[in-house]
Colleague: 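What follows is a structure written as structure tokens; I'll ask about it next.
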Amino acid sequence: MILMLEMAFRNAGKTFYLVPLRALASEKYEEFKLFHGARKPNGGSLKVSISTGDYDSTASNLENKDIVIATYEKCDSIIRHRPSWLSAVSLIVLDEIHLLDSVDRGPTLEMLTTWLKRVASGVQFLALSATVENCNELAGWLDATPVVSEWRPIPLREGVFLDYVITYPNGKMIEVTREFGEPYLDLASQALREGGQALFFTETRRSAVALSKKLTPVTWLSLSSAERRKLAEISSAINLSAERTKLSEVLSSVIARGSAFHHAGLHHDHRATVERFFKKGLIKVITATPTLAAGVNLPARIVAITSLRRYDHVLGSEQIPVMEYKQMAGRAGRPKYDKVGDAIVFASSASDAQYLMETYINSSPEPIVSKLGSAQSIAAHVLATTVGGMAHDKKNLHEVFSSTFLAKQRGYTNLKLKVEAALDYLAKEGALKWTNGGFVETSLGRRIAELYIDPSTAFHFRDCMNMKPREYTPISILHMITSSSDITPMLYTRSSDMALVEDFISEHEGELYLTSKAENRLIQDEVKTLIALWFWIEERSEEEISEMTGAQQGDLYRLDESAVWLIYSSSELAVFFGHKELLPQLRELEMRVRHGVGRELLELVGLKGIGRIRARNLYENGFTSIQALRRGDVSALARVPSIGTKLAMKIKETVGGKLKAKDLKAARRDEVQTTLEDFNREAE
DNA sequence: CTTATCCATTTTTAGACAGCATGTC
DNA sequence: CTAAAAATGGATAAG
């Protein structure tokens, strides 16, 4: 921050702060925002901006900014648009550089860094990480000087818990008081007695939820009556801020007792609530999946790691890497509050304890290894390199790829073959064309790179548009989307879902793409993901969808987000593929998915109204139930946290009812009141 | 006759980046 | 070096 601010004040150039998560970007942005508008010596004012997929997106907005905070992918995308100010960049901070090791996102970071090194010559790089073992090697690649510091604001102790005794690497042992007779409860209790908070990491979402319930007796006893009152309010607010589901009800009930769970199935507002009130000290214990290991900064007095295994659909049950363990352990110790942070792992036997001590506590994280070689698509990076203007002939292209971290670690021979193959593939499919002496991207290729989709996804769209199923319906379009490699999260078909999926397939056989011979195609997963999206645009309740498919609120929102992006992309590409006639269908479907607004609702409100009243607000404000809307159900409206005047007017017109603002307020008040009472009673 | 308990078997399993343009609070 | 925990379903005991 000091370096960036110094450069900004000196007008020494534009600086970037790059992070792997949107949440981290907004956290960092909040810190930098304090300096936004500060007067510079030359009279101008300092300008700070954030750029991630869910914030502003046009590169021109960044032209006169001094400090830009962005995700890696966003920065990558910006480069592809070749903004004029790129040469004005003077410093790039790469936070959490160890992400280079990640299979799905590491290659993007690696290519991004490689380009930046070339494009912006003379740019200073500052790469940061708490868990890099081979930092000399990494520094060598970046042409940087390694700076190692063991300093932590709060010292960290790592220990193993076995039979109520915590053993530390130096042989020191501490006994934990038996109070509840359950290790997890007693450990949490110890943290709370010292006025601290505890963070438990679990292997699965389900066990995070189960453990947070189990911990409520401990947290409840530690609460003052003032805290209990505040928590009751927070707890009832949970059920008002988003659609109610079984999961949100459980969250609401544990929060009332000072405990909470945190995982990616939660609604993002609920995640934010949990983070916020843990930071404020009201929520005493969080049980979390790895969401919090790399996510926002949420330190705790004690970090308890309940499992060091993880199940993988391909590999089965696996030990997690030391790097991940260190990331979790590093969350222990709150600056300003704790004297020391404790990270505790649980052992099942004496030999297990010894194993954990050797393998995790006394081990360094694994060295960072480039994953560019296993990138699912080198083609995407070759195309982006071309579109970004970094290479228009083989010589330059090989220069770029031979300066990657992979080439440094493993040599360039293998990668060279892959790059050549990617070039041929892109040319064959029409994203690039040969020129004398080199190659250049086609307008299609440029659009693919700008839309930020994998080239294979684009070609898949083309094939799907050329070979339509017997009956071409919205379901066909959704299937095209869910069978592309860019859809996330792809839902997994459990054995209990088989009936649902098979029924759907036989019912919609004529509308689906079932003939493709691509190997390893997981038709069932594609269809199951399609079903979740279909239910979503049919306005089924979030609870119903998660009941039927197992996809929870958070999953649904992310699925929706990626589906919107892909449908938009397919409509942009339809023109290139000579399928202009599909545009109306694609546009309509995009709108239905984007806003979660069903056909019936579109008809009710009138399609023209969508332009004026943003349908997304209908959705976000809780109008997912058409039935409720039709009968003007006041109690459904009570779940709406805020209704715009225009929107309320429109609803009034539409339902023809007599809803008034004060009815809404009264209804909402009642609901808040009853939930509050319920929780207090239950808690007692 | 209903409910509780026990036991063996079956089922399930983390996370999250990206486009673009405009209305709403 | 190693999978573990919850859900399910059926049988039997208790109320």
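The chains referred to below are lettered A, B, ... by the order of the sequence lines, with proteins before strands, and numbering in each begins at 1.
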Colleague: Which listed nucleotide (B:dG15, B:dA18, B:dA16) is nearest to the side chain of A:Ser77?
Modeller: B:dA18
Colleague: What does A:Pro20 touch in the nucleic acid at a heavy-atom separation under 4.0 angstrom: a base, only the sugar-phosphate, or nothing?
Modeller: sugar-phosphate
Colleague: So, do A:His98 and A:Glu96 sit near enough that their side-chain heavy atoms are less than 4.5 Å apart?
Modeller: yes
Colleague: Please find out if less than 6.0 Å separates the ring center of A:Tyr17 from that of A:Tyr29.
Modeller: no
Colleague: Given the rule that a pair is Watson-Crick or G-U wobble with both distances under 3.5 Å, how would you write DNA chain B in dot-bracket, using | for pairs to a different strand?
Modeller: |||||||||||||............
Colleague: Counting C-beta onward and ignoring hydrogens, is there a side-chain heavy-atom pair between A:Lys528 and A:Arg494 closer than 4.5 Å?
Modeller: yes
Colleague: Under 4.0 Å, counting only non-hydrogen atoms across every strand here, what does A:Ile453 touch: a base, just sugar-phosphate, or nothing?
Modeller: nothing
Colleague: Using a 4.0 Å heavy-atom cut-off across all strands, classify A:Gln319 as base, sugar-phosphate, or nothing.
Modeller: base
Colleague: Can you name the nearest heavy-atom pair linking A:Lys326 to A:Ser363, along with the distance?
Modeller: CE-O, 3.2 Å
Colleague: Measure CG/A:Leu573 against P/B:dC20 and give the value in whole Å, please.
Modeller: 12 Å
Colleague: Do A:Asp76 and A:Tyr72 come close enough that some side-chain heavy atom pair is under 4.5 Å?
Modeller: no
Colleague: Compare the minimum distances between each of C:dT2, B:dG19, B:dA16 and the side chain of A:Asp352, then state the nucleotide with the smallest one.
Modeller: C:dT2
Colleague: With rounding to whole Å, what would you report as the distance between C:dA3 and B:dA14 at their C1' atoms?
Modeller: 16 Å
Colleague: Could you tell me whether the phosphate oxygens of C:dA5, OP1 or OP2, come under 4.0 Å of any side-chain nitrogen or oxygen in A:Arg205?
Modeller: no
Colleague: Other residues, nucleotides and ligands only: do more than 12 of their heavy atoms fall within 6.0 Å of CG on A:Asn297?
Modeller: yes
Colleague: Strictly distance-based, threshold 3.5 Å: is any side-chain N or O of A:Lys371 a donor or acceptor partner for the main-chain N or O of A:Asp101?
Modeller: yes
Colleague: Per the atom types in the model, does the base of B:dA18 pair as donor or acceptor with the side chain of A:Thr488 at under 3.5 Å?
Modeller: yes
Colleague: Given atom CG of A:Leu99 and atom P of B:dA14, what is their separation to the nearest angstrom?
Modeller: 20 Å
Colleague: For residues A:Val345 and A:Phe161, determine if any side-chain heavy atom of one lies less than 4.5 Å from a side-chain heavy atom of the other.
Modeller: no
Colleague: Looking at the side chain of A:Thr204, which of B:dT13, B:dC17, B:dG15 is the nearest nucleotide?
Modeller: B:dT13
Colleague: With distance as the sole criterion, do the side chain of A:Arg309 and the base of C:dA3 form a donor-acceptor contact below 3.5 Å?
Modeller: no
Colleague: What is the ring orientation for A:His381 with A:Trp115, classed by angle as parallel under 30°, tilted 30 to 60°, or perpendicular over 60°?
Modeller: tilted
Colleague: Please report the distance, rounded to the nearest Å, between CZ in A:Phe201 and P in C:dA4.
Modeller: 21 Å
Colleague: Measure the shortest side-chain to side-chain distance between A:Leu292 and A:Arg331 over non-hydrogen atoms and say whether it is less than 4.5 angstrom.
Modeller: no
Colleague: Which part of the nucleic acid does A:Arg80 contact within heavy-atom distance under 4.0 Å: base, sugar-phosphate only, or nothing?
Modeller: nothing
Colleague: For a quick check of understanding: with a heavy-atom distance under 4.0 Å over all strands, which category does A:Glu203 fall into, base, sugar-phosphate or nothing?
Modeller: sugar-phosphate
Colleague: Taking OP1 and OP2 of B:dG15, is either one under 4.0 Å from a side-chain nitrogen or oxygen of A:Arg22?
Modeller: no
Colleague: Distances under 3.5 Å only, N/O to N/O: pair up the protein atoms with those of nucleotides 6-12 of chain B.
Modeller:
{"from": "B:dT12", "atom 1": "OP1", "to": "A:Ser496", "atom 2": "OG", "distance (Å)": "2.5"}
{"from": "B:dT12", "atom 1": "OP2", "to": "A:Ser495", "atom 2": "N", "distance (Å)": "2.9"}
{"from": "B:dT12", "atom 1": "OP2", "to": "A:Ser495", "atom 2": "OG", "distance (Å)": "2.6"}

Colleague: I'd like to check the salt bridge (charged side-chain N to carboxylate O under 4.0 Å, His left out) partners of A:Glu561; sequence neighbours left out, ordered by chain and number.
Modeller: A:Arg22
Colleague: Quick one: is B:dA16 close enough that its OP1 or OP2 comes under 4.0 Å of any side-chain N or O from A:Ser562?
Modeller: no
Colleague: Does A:Ser569 have a side-chain nitrogen or oxygen under 4.0 Å from the phosphate oxygens OP1 or OP2 of B:dG19?
Modeller: no
Colleague: Go through B:dA18, B:dA14, B:dG15 for me and flag the one nearest to the A:Thr71 side chain.
Modeller: B:dA18
Colleague: Could you measure between the two C1' atoms, the one in B:dA18 and the one in C:dC1, and give it in whole Å?
Modeller: 41 Å
Colleague: Can you check the A:Arg105 CZ to B:dA18 C1' distance for me, whole Å?
Modeller: 10 Å
Colleague: Could you tell me the separation between the CG atom of A:Asp454 and the P atom of B:dG19, rounded to a whole number of Å?
Modeller: 15 Å
Colleague: Rounded off to whole Å, could you give me the OH-to-C1' distance for the A:Tyr311 and B:dT13 pair?
Modeller: 7 Å
Colleague: In whole Å, what is the span from the CD atom of A:Glu450 to the P atom of B:dC17?
Modeller: 22 Å
Colleague: If you look at every strand shown and take non-hydrogen atoms under 4.0 Å, does A:Tyr72 touch a base, only sugar-phosphate, or nothing?
Modeller: nothing
Colleague: Would you indicate what A:Arg587 reaches in the nucleic acid, counting non-hydrogen atoms under 4.0 angstrom: base, sugar-phosphate, or nothing?
Modeller: nothing
